[in-house]
Number of protein chains: 2
Amino acid sequence: MPGPIQSIERAAAMLRLLARGSGQYGLAEIAASLGLPKGTAHGILRTLQRVEFVEQDQESGRYRLGAALLHLGTSYLDANELRSRSLNWADALAARSGQEVRIGVHHDGAVLVVHHVFRPDDTMQTLGVGAMLPLHATAFGKVLLAYDASLSRDRELTSLTRRTIVSPQALERVLTQVRASGWASEAEECMPGEASIAAPIRAFGGLVVGAIGVSGAVDRICDPASRPKPSLVSQVASAAEAVSRALTD
Amino acid sequence: MPGPIQSIERAAAMLRLLARGSGQYGLAEIAASLGLPKGTAHGILRTLQRVEFVEQDQESGRYRLGAALLHLGTSYLDANELRSRSLNWADALAARSGQEVRIGVHHDGAVLVVHHVFRPDDTMQTLGVGAMLPLHATAFGKVLLAYDASLSRDRELTSLTRRTIVSPQALERVLTQVRASGWASEAEECMPGEASIAAPIRAFGGLVVGAIGVSGAVDRICDPASRPKPSLVSQVASAAEAVSRALTD
DNA sequence: GGGCAGCGGTCGACAATGTCGAACGGTGGC
DNA sequence: GCCACCGTTCGACATTGTCGACCGCTGCCC
């Protein structure tokens, strides 16, 4: 069996690099980061620019991601069956709970948000779709970790707040609890002052393909002892079951 | 000067194809659409799948866009300076006008929406960012056409509603009017019952780099004679000027 | 003001890769 | 049950992508 096409893999690596950090890199930086000669990197960038996957800043000469990717990303969402079948339930959960709602899937060692409903009364809206959230420090991520044995657990657990779980043993205990209860939560493990609750979305045969849940200020999501509010847990679990049924019809 | 890298161009064409229509295609369809032998198309798809730009449905064997593209699309937005500098003004325009607001740039013969603010009281939110809108039948598109001589005008003008402008001469007269007034509008030219108003966002030297505007039900955007409401025109023009100033600071 | 380092970019020799025709097993429709 | 067409594999080889050497330009430092 022949291997993958080298120049396409290199182009993809280049795009991933441009999606990180400052989002703008010079030719020499890109070449160095990917271990490629400048001539090679330049040839790939010239082609990516021609297909509008990359743009070059006229003044600084630096490269960044191009507009064509936005359309491809949106098209991915439009065709994403999990998302299209979950939309109504997600909106209903937002309306009933009064909290912001997300649907996430596992992608590249993180939670990729494929749908995001704002809190109905928020005016400063930020685009949550496309964001990558940590697996170990969000309720969404804990759900995905709990039910997907293929996900790597030997990745180092980064401390994001004072409450982030960084011990693999402690995380494993939490995941056992998630499997027992059928939902996950976290309070101020990802961001200070913020909490989340999530439950698994299952496809045929019970396979977990995503997570749906709510998040927001910790005093809206949890009681004063930082425990998730039972009414919210119930609403999230119901929404997850409804979405799962929609997926298997 | 050597040409572009063929396999990267082919991969990009494949991704663009998968962004169209049903969003799911078989190998033979993809090969036929791009005029490639099946073996060639398969090699490219295998690599795109490996880098998660493409997924294959297990049951049908068909290919679709992959999750990695969503993250790249979002990263493009995060790094888009026009968008980041416009966010506050767009939100302010939405709050003041009570209408949904979009910011668009020209991309691939259409208007690419890079920011979208929902009407504050809408509950059924659809993701407008990443959508491609027609140039000739939206206020956003007319603004971009009016001020960008490089945009092709010999593309056939598709009729979308009974009111769509399909005559190049009629469109040119409208664009002359847009340049004279400094803003554009349309009522039911793109979608029945919908109207929009937009104004140009200028960078250094007056170069038009995008358009900002409002859209919604025609009776909210226009008077009973289908003319745009002067108060909305004024608000859109003010927001466009404010964004333009933010871009040149 | 001059020199130098490092930038983005170009070009062509050639080694390595990507191409693609032929063949395969599987599936669905008639 | 047969056939057409699917996705997939494989290997010969022609073509392409690689990349070292070199370029002009710019900014910084002495």
Side-chain angles (χ1 to χ4, degrees), chain A residues 1-66 79 81 204-205, chain B residues 1-67 79 81 204:
Chain A
M1 167 182 290
I5 294 172
Q6 177 181 242
S7 45
I8 296 177
E9 281 205 318
R10 284 174 163 176
M14 210 162 275
L15 292 175
R16 290 188 201 279
L17 176 69
L18 291 174
R20 292 201 233 114
S22 70
Q24 287 217 78
Y25 296 94
L27 169 70
E29 276 180 286
I30 293 169
S33 296
L34 300 178
L36 295 174
K38 283 199 303 172
T40 306
H42 192 261
I44 295 172
L45 281 169
R46 192 175 58 242
T47 306
L48 288 173
Q49 193 172 1
R50 190 175 151 112
V51 298
E52 294 182 277
F53 283 20
V54 150
E55 300 170 352
Q56 186 181 25
D57 185 80
Q58 289 295 343
E59 289 180 24
S60 68
R62 306 180 102 202
Y63 293 89
R64 59 182 175 242
L65 293 177
E81 192 180 344
F204 265 111
Chain B
M1 167 181 290
I5 295 173
Q6 178 181 242
S7 45
I8 295 177
E9 281 205 318
R10 284 174 162 177
M14 210 161 274
L15 293 175
R16 289 189 201 279
L17 175 68
L18 291 174
R20 290 201 235 114
S22 70
Q24 285 217 77
Y25 296 94
L27 169 74
E29 275 182 285
I30 294 170
S33 295
L34 299 179
L36 294 174
K38 284 197 301 170
T40 306
H42 193 260
I44 295 172
L45 280 168
R46 193 175 58 241
T47 306
L48 287 174
Q49 192 172 2
R50 190 176 152 112
V51 298
E52 294 183 278
F53 283 22
V54 149
E55 298 168 355
Q56 186 180 25
D57 184 79
Q58 289 296 341
E59 288 181 26
S60 67
R62 308 182 101 198
Y63 293 88
R64 59 184 174 240
L65 292 178
E81 193 179 344
F204 265 112

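Here is how names work: the chains are called A, B, and so on, in the same order as the sequence lines, proteins then strands, and each is numbered from 1.
Contact annotation for A/Ile5: backbone-only contact, meaning every heavy-atom pair under 4.0 Å involves sugar-phosphate atoms and none involves a base. Residue contacts for A/Gly26: at a heavy-atom cut-off of 4.0 Å it reaches the sugar-phosphate backbone alone, with no base atom in range.
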side-chain contact (heavy atoms from CB on, under 4.5 Å) between A/Arg62 and A/Leu27, worked out: CA-CA 7 Å; A/Arg62 306 180 102 202; A/Leu27 169 70; over 6 Å; no
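Residues B/Arg10 and B/Leu36 form a side-chain contact, since some pair of their non-hydrogen atoms from C-beta on lies under 4.5 Å apart. Counting heavy atoms from C-beta on, the side chains of B/Phe53 and A/Ile8 never come closer than 4.5 Å. The side-chain heavy atoms of B/Val54 and B/Met14, taken from C-beta on, include no pair separated by under 4.5 Å. Here the side chains of B/Tyr63 and B/Gln49 are in contact, with some heavy-atom distance below 4.5 Å.
For B/Thr40, no side-chain nitrogen or oxygen approaches OP1 or OP2 of C/dG18 to under 4.0 Å. Residue B/His42 has no polar side-chain atom (N or O) positioned under 4.0 Å from OP1 or OP2 of D/dG7. Between A/Gln56 and C/dG8 there is no side-chain N or O to OP1 or OP2 distance below 4.0 Å. At C/dG18, one or more side-chain N or O atoms of A/Ser7 fall inside 4.0 Å of OP1 or OP2 (strictly under the cut-off). Look at A/Tyr25 and you won't find any side-chain N or O under 4.0 angstrom from OP1 or OP2 of C/dC7.
Residue A/Glu9 contributes atom CD, which lies 12 Å from atom P of C/dT17 at whole-angstrom precision. Put simply, CG on A/Asp57 is 17 Å from P on C/dC7, counting in whole angstrom units. Rounded to an integer number of Å, the gap from A/Ile30 CD1 to D/dC19 P is 16 Å. Rounded to an integer number of Å, the gap from CG of B/Leu48 to C1' of D/dT8 is 17 Å. Residue B/Leu36 contributes atom CG, which lies 14 Å from atom C1' of C/dG21 at whole-angstrom precision. Atom OH in A/Tyr63 sits about 7 Å away from atom C1' in C/dG8, given to the nearest Å. B/Ile44 has its CD1 atom 13 Å from the P atom of D/dT16, to the nearest Å. The nearest whole Å value for the distance from the CZ atom in A/Arg62 to the C1' atom in C/dG9 is 17 Å.
Checked against C/dC20, D/dC6, C/dT19, the side chain of B/Ala28 finds its nearest nucleotide in D/dC6. Comparing D/dT8, C/dT10, C/dG8 by their closest approach to the side chain of A/Arg46 singles out C/dT10. Closest to the A/Arg10 side chain, of the nucleotides D/dC19, D/dT9, C/dG18, is D/dC19. Residue A/Gln6 places its side chain closer to C/dT17 than to any other of C/dT19, C/dT17, D/dC19.
Counting distance only, with no hydrogens placed and no angle test, the side-chain atoms of B/Lys38 and the base atoms of D/dG7 include a donor-acceptor pair under 3.5 Å.
Each of A/Leu27 and A/Ile8 lies near DNA chain C, and the nucleotide nearest A/Leu27 is the one positioned closer to the 5' end.
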